[in-house]
Amino acid sequence: MSFYIGREASKFWKRFCAETTTEINLLVENWKYILGGLICQYIHGLAARGVHYFHRPGPMLQDVGFFLLPELGQDRAYMSETVFTFIFLSFVLWTFHPFILKSKKIYTVLIWCRVLAFLVACQILRIITFYSTQLPGPNYHCREGSKLARLPRPDNILEVLLLVPRGVLYGCGDLIFSSHMIFSLVFVRTYHKYGTRRIVKQFAWLTVVVQSMLIIASRKHYTVDIVVAWYTVNLIVFFLDKKLAELPDRSNGGTSLLLPLTKDKEETHKLMNGNYGDAADWKPRTQMNGKIMEGGHVETVINSA
């Protein structure tokens, strides 16, 4: 038993090291896209904080969702954040599953390059939208009488550039359209395309629908913020996905020019198919086929499977 456990642990470690090497090489070639996407995330947070300075509290607007969905109350406002955190963490963990599981279909670096491209495109439109018109926030801390509804003029530039978690959670004015829905829809659509389990895909879409209703019931957004997010994010991802180069499908043994070529072709083949392990576990089969060429000559072709 101990020999078997040690052998499996050795195979897992080799697989993990091989995957790490592959992802590092991909990161070296694509670090500009990852860094650019992360910088845009900061700019988006900066813009959301900036619009808070322009926010002026006022009476809540008439909203169909507020009539249909009962108000959860301030003590239950955490429910929508809990669902969002579950979606966020689940997707992040899934993108790193190639480091652990044998069955691999994606490359972590490449999938995040694609996800960040979707997020940036959606967030640019979001910034333009909520700076065009500032609506009175329906959230509890954005209503008249709350000390957090307005931000005092900053004393220095550092107050504007420094983003703190409290400021992100208690922002006002960045309404149309919902940032939580941007992340959730991009994540779910990405898993819907590259994920393998149908039941998980169905559950993911159901979770996003529940989150949409919880956000409205928590009075964190107007219904229009959620509706606009649903069709805007889906349209952006749909059209942008057609413009981006398709990811290599590892489950079909596809190759990619982005992948490093190792000295051992057998090792490269196993890396590409996610079957890295001991040499004894990978047995190539060679087949000789005769092919009649012009002039009656016979060409021998060696096929390795």
Side-chain angles (χ1 to χ4, degrees), residues 12 15-16 19-20 22-23 26-27 30 33-34 37-38 40-42 44-45 48 72 76-123 126 165 168-169 171 177-218 220-221 225-226 229-238 240-241 244 246-251 274:
F12 171 79
R15 187 167 64 245
F16 180 82
E19 191 68 32
T20 302
T22 303
E23 294 292 348
L26 288 172
L27 183 60
N30 297 275
Y33 303 109
I34 299 293
L38 294 177
C40 287
Q41 299 308 302
Y42 171 75
H44 172 258
L72 290 178
R76 296 181 180 178
Y78 68 90
M79 295 177 65
S80 63
E81 293 296 333
T82 302
V83 175
F84 173 75
T85 302
F86 171 76
I87 296 174
F88 188 93
L89 293 180
S90 299
F91 180 80
V92 171
L93 292 175
W94 171 76
T95 60
F96 284 92
H97 83 272
F99 287 88
I100 302 175
L101 302 181
K102 290 183 180 181
S103 57
K104 308 167 185 179
K105 190 178 179 181
I106 63 169
Y107 293 99
T108 303
V109 171
L110 298 184
I111 202 73
W112 274 108
C113 287
R114 205 174 192 86
V115 167
L116 287 172
F118 296 150
L119 291 177
V120 169
C122 294
Q123 289 166 343
R126 180 174 188 261
V168 174
L169 294 175
F177 42 97
S178 170
S179 178
H180 284 59
M181 293 303 300
I182 290 177
F183 280 91
S184 298
L185 288 171
V186 167
F187 290 168
V188 171
R189 282 193 63 97
T190 302
Y191 182 80
H192 184 86
K193 181 174 182 179
Y194 298 105
T196 56
R197 298 185 179 277
R198 183 180 179 183
I199 185 65
V200 177
K201 296 178 183 180
Q202 295 172 342
F203 177 74
W205 283 111
L206 177 62
T207 305
V208 178
V209 173
V210 172
Q211 177 188 285
S212 302
M213 294 187 292
L214 288 176
I215 290 175
I216 298 173
S218 301
K220 295 180 178 179
H221 277 279
D225 305 339
I226 306 301
W230 267 95
Y231 66 74
T232 302
V233 176
N234 280 292
L235 287 174
I236 289 176
V237 174
F238 175 79
L240 193 58
D241 186 62
L244 297 176
E246 190 52 72
L247 297 183
D249 189 350
R250 306 181 68 171
S251 60

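Values in this document were obtained by computation on a predicted structure and should not be read as measured data.
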Do other residues, nucleotides or ligands put more than 12 heavy atoms under 6.0 Å from the OH atom of Tyr42?
yes
Answer yes or no: is there a donor N or O on one side and an acceptor on the other, between the side chain of Ser90 and the main chain of Ile87, under 3.5 Å?
no
Check whether any side-chain heavy atom of Arg76 lies under 4.5 Å from a side-chain heavy atom of Ser218, and answer yes or no.
no
Side-chain contact, heavy-atom cut-off 4.5 Å: Lys220 with Leu214?
no
What's the separation between atom CG in Leu119 and atom CG in Leu38, rounded to the nearest 0.5 Å?
10.0 Å
Side-chain contact test, heavy atoms from C-beta onward, threshold under 4.5 Å: evaluate it for Leu93 versus Phe88 and give yes or no.
no
Checking side-chain contact (heavy atoms from CB on, under 4.5 Å) for the pair Val233/Phe183: CA distance, chi angles, key distance, verdict?
CA-CA 9 Å; Val233 176; Phe183 280 91; over 6 Å; no
Under a 4.5 Å cut-off applied to non-hydrogen side-chain atoms, are Leu244 and Phe118 in contact?
yes
Flag the pair Phe91 / Tyr191 as yes when their ring centroid distance falls below 6.0 Å, and as no otherwise.
no
Any Tyr107 side-chain heavy atom under 4.5 Å of Pro98 side chain:
no
Inter-residue atom distance Thr95.OG1 - Tyr194.OH, 0.5 Å rounding:
13.5 Å
Please name the pair of heavy atoms, one in Ile34 and one in Cys113, separated by the smallest distance, quoted to 0.1 Å.
CD1-SG, 3.7 Å
Mark yes or no for whether Asn234, through its side chain, and Trp230, through its backbone, hold a donor-acceptor pair below 3.5 Å.
yes
Shortest non-hydrogen contact between Lys104 and His97, atoms and distance:
CA-NE2, 4.4 Å
Arg126 side chain reached by Thr232 side chain, heavy atoms, under 4.5 Å:
no
Does Thr108 offer a backbone N or O that forms a donor-acceptor pair with the side chain of Glu23 under 3.5 Å?
yes
Please collect all salt bridge (Lys or Arg N to Asp or Glu O under 4.0 Å) contacts where either partner lies in residues 177-186, sequence neighbours excluded, each pair once.
none
Of all heavy-atom pairs between Ala117 and Leu240, which one has the smallest distance, and what is that distance?
O-CD2, 3.7 Å
For a 4.5 angstrom cut-off between non-hydrogen side-chain atoms, does His180 reach Ser80?
no
Between the CG atom in Leu185 and the CE atom in Met181, the distance rounded to the nearest 0.5 Å is 4.0 Å
What's the separation between atom CH2 in Trp94 and atom CD1 in Ile106, rounded to the nearest 0.5 Å?
4.0 Å
Heavy-atom pair of closest approach, residues Ser184 and Gln211:
OG-NE2, 3.0 Å
When rounded to the nearest 0.5 angstrom, what is the spacing between CG in Leu27 and CH2 in Trp112?
13.5 Å
Classify the ring geometry between Phe16 and Phe99 as parallel (under 30°), tilted (30 to 60°) or perpendicular (over 60°).
tilted
Give a yes or no on this: more than 12 heavy atoms of other residues, nucleotides or ligands lie within 6.0 Å of atom CZ of Phe12.
yes
Where at least one partner belongs to residues 187-203, residue pairs that pass salt bridge (Lys or Arg N to Asp or Glu O under 4.0 Å), sequence neighbours excluded
Lys193-Asp241, Lys193-Glu246
Hey, are the side chains of Tyr33 and Arg114 touching, using non-hydrogen atoms and a 4.5 Å cut-off?
no
Could you state the interatomic distance from CD (Gln202) to CG (Leu206), rounded to the nearest 0.5 Å?
9.5 Å
